[in-house]
Amino acid sequence: MKSLVIFDLDGTLLNTIDDLGNAANEAMRQLGYPTHPLSSYPMMVGNGISKLLERALPEEARTERIITDARHCFMAYYDQHCHDLTSPYPGIELLLDELSRRNINLAVTSNKYQRAVSLLINHYFGRYNFKAVLGQHDGVPVKPDPSIVFEALTMCPTPKHEVLYVGDSGVDIETARRACVESVGVAWGFRPVRELKAAFADHIIEEPCDLIGLL
């Protein structure tokens with residue numbers, strides 16, 4: 001029996017891609033670089049904001065200073081616009097309702113910076129009792145390093161065999177593998193199912209309600 005489900009955020013609980021893309025494009029505009037169609041951003045996200053902006057910048061502009069400047073522009077815009085076009089995926093709230101009803105503990109671990117993760121969870125899922133809401137923060141490397149999962153397990157002590165880690169990308173599946181917990185890839189997220197299979201996800205689900213059968 002599972003007693004803790006750890007979720008990725010972007011592409012798993014929330015469809016955030018248009019707001020992420022708009023914020024990245026705003027950073028590109030402010031720094032005088034070309035923007036990108038929103039449809040190109042699903043393959044740029046997943047490794048944190050700095051990596052997203054590195055990918056969005058022209059190759060010759062991918063210096064530490066320019067990425068830092070772009071990050072400041074991105075965050076200033078995103079903090080004000082992270083709710084514009086974002087929404088929970090269909091069936092997610094029903095899933096969280098059912099997990100809560102069954103007294104399954106909930107956690108979120110994301111490569112997005114901490115302030116934005118807290119803003120989004122409070123805005124969309126404030127009625128749920130998440131035991132850990134963790135984004136990228138100082139001293140903790142980004143996924144697939146498993147440190148953020150270990151931090152969540154410190155906040156909600158749980159035997160690893162009672163944990164499911166749910167995400168939409170190969171980064172998430174690798175994170176679960178390194179943390180030695182069972183992985184669940186979701187087919188509705190930003191990355192194709194073939195990426196989840198290539199990363200050897202323990203399970204792949206098509207709809208949020210399919211998770212119940214894995215408990």
Presence of salt bridge, [Y] and [X], under 4.0 angstrom:
X: Glu59; Y: Arg62; answer: no
X: Asp97; Y: Arg127; answer: yes
X: Arg191; Y: Asp172; answer: no
X: Asp69; Y: Arg65; answer: yes

Atom pair [atom1]/[atom2] of [X] and [Y] - distance to nearest 0.5 Å:
X: Lys112; Y: Leu134; atom1: NZ; atom2: CG; result: 14.5 Å
X: Ile17; Y: Ser40; atom1: CD1; atom2: OG; result: 8.5 Å
X: Tyr124; Y: Cys82; atom1: OH; atom2: SG; result: 7.0 Å
X: Ile205; Y: Leu211; atom1: CD1; atom2: CG; result: 5.0 Å
X: Thr12; Y: Phe7; atom1: OG1; atom2: CZ; result: 8.5 Å
X: Leu96; Y: Leu13; atom1: CG; atom2: CG; result: 6.0 Å

Quiz prompt | Derivation and outcome, side-chain contact (heavy atoms from CB on, under 4.5 Å), residues Glu26 and Cys73 | solution = CA-CA 7 Å; Glu26 178 64 20; Cys73 296; over 6 Å; no
Donor-acceptor under 3.5 Å ([X] side chain, [Y] main chain):
X: Gln114; Y: Gly135; result: yes
X: Lys143; Y: Asp8; result: no
X: Thr158; Y: Cys156; result: yes

Over all atoms of both residues, closest heavy-atom pair of [X] and [Y]:
X: Ala27; Y: Leu53; value: CB-CD2, 4.3 Å
X: Pro34; Y: Pro58; value: CD-CG, 4.1 Å
X: Gly91; Y: Pro208; value: O-CB, 3.6 Å
X: Lys131; Y: Asn129; value: NZ-ND2, 3.1 Å
X: Arg71; Y: Ile49; value: NH1-CB, 3.5 Å
X: Leu9; Y: Val108; value: CB-CG1, 4.1 Å

Quiz prompt | Member of Arg177, His161, His203 meeting the side-chain hydrogen bond (donor to acceptor under 3.5 Å, both in side chains) criterion with Glu182 | solution = His203
With side chains defined as the heavy atoms from C-beta onward, is the minimum distance between [X] and [Y] less than 4.5 Å?
X: Tyr113; Y: Met75; result: yes
X: Val142; Y: Lys51; result: no
X: Thr16; Y: Tyr78; result: yes
X: Gln136; Y: Val140; result: no
X: Met43; Y: Arg55; result: no
X: Ile104; Y: Met1; result: yes
X: Asn22; Y: His81; result: no
X: Ile92; Y: Trp188; result: yes

What about [X] and [Y], same hydrophobic cluster or not, with Ile/Leu/Val/Met/Phe/Trp/Tyr joined at side-chain heavy-atom distances under 4.5 Å?
X: Val186; Y: Leu14; value: yes
X: Leu99; Y: Leu94; value: no
X: Val45; Y: Met28; value: yes
X: Val184; Y: Phe190; value: yes
X: Met155; Y: Val5; value: no

Exercise. Assess the side chains of Ser87 and Asn15: does a donor N or O sit below 3.5 Å from an acceptor N or O?
Key: no
Exercise. Ignoring hydrogens and angles, state whether a donor on the side chain of Asn25 or Tyr77 is under 3.5 Å from an acceptor on the partner side chain.
Key: no
Quiz prompt | Lys160 atom NZ, neighbour heavy-atom count above 12 within 6.0 Å | solution = yes
Exercise. Give a yes or no on this: more than 12 heavy atoms of other residues, nucleotides or ligands lie within 6.0 Å of atom OH of Tyr128.
Key: yes
Self-check item: Residue pair Val163, Val149: steps toward the side-chain contact (heavy atoms from CB on, under 4.5 Å) verdict
Solution: CA-CA 10 Å; Val163 178; Val149 175; 5.8 Å; no
Practice problem: Would you please test Leu52 and Phe74 for side-chain contact (heavy atoms from CB on, under 4.5 Å) and show each step? | Solution: CA-CA 10 Å; Leu52 162 61; Phe74 178 101; 4.0 Å; yes
Quiz item: Could you go step by step and tell me if Thr86 and Leu20 meet the side-chain contact (heavy atoms from CB on, under 4.5 Å) rule?
Solution: CA-CA 9 Å; Thr86 289; Leu20 288 170; over 6 Å; no
Self-check item: Parallel, tilted or perpendicular, as decided by the 30° and 60° cut-offs, for the rings of His36 and Tyr41
Solution: perpendicular
